[in-house]
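Some notes on the structure that comes next.
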There are 2 protein chains.
Amino acid sequence: MAAATIKDVAREAKVSVASVSRALNGGSGVTAATSERIRAAADRLQYIPHAAARMLITRRTHTIGALLPDLYGEFFSELIRGIDLAARARGLHLLVSSSHDGVEEAAVAVRSMQGRVDGLLILSGRVDAAFLRANLPRELPVVLLNSAVKNPMYHVLNVDNHAGAVAMVAHLIQAGHARVAFIAGPEGNFDARQREQGYRAAMAKHAPKAPLNILAGDFSEESGYRAGRELLAQKVRPRAVFAANDMMAVGCLTALKEAGVRVPQDIALAGFDDIPIARYVTPALSTVRVRIVDLGRVALEHLAGLLEGPDSSTASAQTLGCEIVVRESCGASVT
Amino acid sequence: MAAATIKDVAREAKVSVASVSRALNGGSGVTAATSERIRAAADRLQYIPHAAARMLITRRTHTIGALLPDLYGEFFSELIRGIDLAARARGLHLLVSSSHDGVEEAAVAVRSMQGRVDGLLILSGRVDAAFLRANLPRELPVVLLNSAVKNPMYHVLNVDNHAGAVAMVAHLIQAGHARVAFIAGPEGNFDARQREQGYRAAMAKHAPKAPLNILAGDFSEESGYRAGRELLAQKVRPRAVFAANDMMAVGCLTALKEAGVRVPQDIALAGFDDIPIARYVTPALSTVRVRIVDLGRVALEHLAGLLEGPDSSTASAQTLGCEIVVRESCGASVT
DNA sequence: GGCGCCAACGTAAACGTTTTCATGGGAAGT
DNA sequence: ACTTCCCATGAAAACGTTTACGTTGGCGCC
């Protein structure tokens, strides 16, 4: 016994298939009485409309695709959680394609999603306007996350890295550590660049006389460790270190500890991201938190808005705030 | 200019739609020359077959669904990564529905996936055979992960919690700590129960004279802390503690440290899962690692096997090994 | 009472594929 | 040279919906 089709329901309820469709979808154009009869019949047969048939005629899949790079634990799961919850609330399905690092990989992924999704959520450092033009039909709604794309044709949702970095650096300075050093992220990375600019801006504003002190890093723990060693070798050591992400802060912390430098008494330390580990290192790491669940949720809601009325007036760029979380490593909380 | 259809390609290549279909799919039943001409035409028009139309006639979606509970960071991302990579390797898409905790929620999720997927991957403590019978068509291939379902009708893939626990307890005992205590997981949890049984088995085998010492816990850090305090209050303290997961081990570690008990010199400690934090606490936590990426990969491959030949002889139950990773907290490695 | 209108309902086309079946033509076998 | 067979190809049905359009009947209005 194969799955029941709309014809079976029609026969069972003694109406035409058109009426069944109307009763189950719009509800208009059909008497309350017959509608009830149809519903009953559908229940009895455990009728579930064939998704593909509906997609074919409707040209709506009720599915959105998420294209994600190779992401680390917490961030990935929180992001998906946010997207998924918001999608479910809207009756949308979620087609995931993760762990893309190469551009070419991403290209085949989006192409293979063609026709299976109504819209796309893309988080990827490598994707730019040219890529989108080349690989996507112009009419497919897309929302870019954490993207450097400036073109107002494309909708982007960014974390306010700049403001977060400014807030943290300002906090460090106000805690009395004017000489703040910065451990930068990887060259091409958009987040990393914004955080660095935030550092520069905050220094210029709150400690204009203090020297800028920027060390190279690539977001890895090891690069943080190296930066820590470098920094210890400097003639005049900084009073505080702000790392562009938590992993580097952890690496740097290791270097400082090894050298017998006390954190935060000798050098204060702060990171960015608030990964779970931040809470567990000693001393607990001060950092900047971005509510990743919200990032996913807002992104999906933005996209859903585009689906309903592409011509609508939804702003093409949006920014998501972040908050600094003060723990022990920055030497401000008196515990 | 709407997307090109198979008819457009047919016209462009001056053949019938049937030939286009044959050339692009099987390749058989069509001359190499015409096939080439068709391919060229398809390329020129940037033809991408309409997925829904194909699903409708083929009754294959080339998509598998993943139903997941509210999972914590690392585990979730690794699992998805494994599933996703294996799926992509097979040309399958991945429809994700996560963060389900209630049974009812899960039920509507699987129902809404009806017809959109060729098979289902389910990880959930709450799902049992009755649920599956009630909510899924009998012919839909399903693979259960970490499930207590024993019914050979359903395919399940479990982590070998038992063996992992046995190995770790044996290791602790052989390191000279015969009196090993165990912090248990939540009551109904399948993994937790298996780990406890592993503890019991290993104790019975390697330290039959030592007393069993089992403390309550619920996988949370706080419950680990409470268990640690409890354990310190015991008249004769254990020489080692094996927690059913890492979070509890971390909580317990905090309790021990607070009491001035040295780890591992006074009491050795071990956990289960190898979450990232395990590496970063002091002393670094010995634990049992399960290769979660493999879990996802193997599960998907199993499911893919079912799709190809449901009648095939693939075993209905499978088990994935795990390995103990020795760090400082168990006092065995001489660093 | 006839006329027109509207609501409820049915009929059939359309969506874009795959696949079965029919048809043709050319090569091979006698 | 005629038959036989096979292989490439085309025509058309089928998949399960939605929806534009037609048809019916009842009701109000003149």
Side-chain angles (χ1 to χ4, degrees), chain A residues 1-39 41-42 45-63 91 112-118 137 139, chain B residues 1-39 41-42 45-63 91 93 112 114-118 137 139:
Chain A
M1 61 155 106
T5 79
I6 198 173
K7 286 186 188 172
D8 301 322
V9 178
R11 195 176 324 118
E12 177 87 5
K14 308 210 185 299
V15 292
S16 73
V17 293
S19 295
V20 176
S21 177
R22 280 189 280 256
L24 265 34
N25 295 333
S28 100
V30 55
T31 299
T34 47
S35 176
E36 186 47 45
R37 188 153 41 94
I38 290 171
R39 261 168 233 286
L45 298 180
Q46 303 204 34
Y47 170 65
I48 296 185
H50 196 285
R54 205 200 288 243
M55 288 181 205
L56 178 56
I57 190 80
T58 304
R59 324 222 115 234
R60 277 289 213 125
T61 64
H62 291 280
T63 302
S112 83
M113 278 190 175
Q114 284 287 5
R116 311 182 82 101
V117 298
D118 293 337
E139 63 274 11
Chain B
M1 66 154 105
T5 76
I6 197 172
K7 287 185 189 173
D8 300 322
V9 178
R11 194 174 326 115
E12 177 86 4
K14 308 212 186 299
V15 293
S16 73
V17 294
S19 294
V20 176
S21 177
R22 280 188 280 255
L24 264 36
N25 295 332
S28 99
V30 54
T31 299
T34 47
S35 175
E36 187 46 46
R37 187 153 41 96
I38 290 171
R39 258 168 236 284
L45 299 181
Q46 304 204 33
Y47 169 65
I48 296 187
H50 196 287
R54 202 200 288 244
M55 288 182 206
L56 178 57
I57 189 83
T58 304
R59 326 223 112 235
R60 277 288 215 129
T61 64
H62 291 281
T63 302
H93 291 260
S112 82
Q114 283 289 4
R116 310 182 84 99
V117 298
D118 292 338
E139 62 274 12

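By convention in this document, chain letters (A, B, ...) are assigned in the order of the sequence lines, proteins followed by strands, and residues within each chain are numbered from 1.
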> Within the distance-only criterion (no hydrogens, no angle test), does the side chain of A:Asp118 pair as donor or acceptor with the backbone N or O of A:His62 below 3.5 angstrom?
Replying inline: yes
> Where is the tightest heavy-atom contact between A:Ala41 and A:Ala13, given as atom of each residue plus distance?
Replying inline: CB-CB, 3.8 Å
> Given side chains that start at C-beta, do those of A:Arg116 and A:Thr61 come closer than 4.5 Å, heavy atoms only?
Replying inline: no
>> Without decimals, in angstroms, what is the distance between B:Ile57 CD1 and D:dT17 C1'?
In response: 13 Å
> Whole Å only: how far is the CG atom of B:Leu56 from the C1' atom of D:dT17?
Replying inline: 8 Å
>> What residues from residues 4-14 of chain B pass a heavy-atom cutoff of under 4.0 Å to DNA chain C?
In response: B:Thr5, B:Ile6
In a table with atom names and distances, give each donor-acceptor pair under 3.5 Å that connects a side chain of residues 27-35 of chain A to protein atoms at least two apart or in another chain.
residue	atom	partner	partner atom	Å
A:Thr34	OG1	A:Thr31	N	3.4
A:Thr34	OG1	A:Thr31	O	3.0

> To the nearest 10 degrees, what angle separates the axes at the start and end of the helix from C:dG1-D:dC30 to C:dT30-D:dA1, five pairs each?
Replying inline: 50°
Distances under 3.5 Å only, N/O to N/O: pair up the protein atoms with those of nucleotides 4-9 of chain D.
residue	atom	partner	partner atom	Å
D:dA8	O3'	B:Thr31	OG1	3.2
D:dT9	OP2	B:Thr31	N	3.1
D:dT9	OP2	B:Thr34	OG1	3.0

>> Determine whether a donor-acceptor pair (N or O, by modelled atom type, separation under 3.5 Å) exists between the side chain of A:Arg37 and the backbone of A:Val15.
In response: no
>> I need the minimum non-hydrogen distance between B:Tyr47 and B:Thr5, along with the two atoms involved.
In response: CE1-C, 3.5 Å
> If every non-hydrogen atom of A:Ala52 is compared with every non-hydrogen atom of B:Leu56, which pair is closest and at what distance?
Replying inline: CB-N, 3.8 Å
> According to the salt bridge (charged side-chain N to carboxylate O under 4.0 Å, His left out) rule, which pairs have a member within residues 10-24 of chain B, sequence neighbours left out?
Replying inline: B:Asp8-B:Arg11, B:Glu12-B:Arg44
> Taking the side chain of B:Ala18 as its heavy atoms from C-beta onward, which of D:dT18, D:dA11, D:dT17 lies nearest to it?
Replying inline: D:dA11
> About how many Å separate CZ of B:Arg54 and CD1 of B:Ile57, when rounded to the nearest 0.5 Å?
Replying inline: 12.0 Å
>> Within the structure provided, determine whether B:Gln114 and A:His50 are in side-chain contact (heavy-atom separation under 4.5 Å).
In response: no
>> What is the first contacted nucleotide of DNA chain C and what is the last, in 5' to 3' order, if contact means an atom lying under 4.0 angstrom from a heavy atom of chain B?
In response: C:dG16 to C:dT20
>> If I take atom CD1 from residue B:Ile38 and atom CD1 from residue B:Ile6, how far apart are they, to the nearest 0.5 angstrom?
In response: 9.0 Å
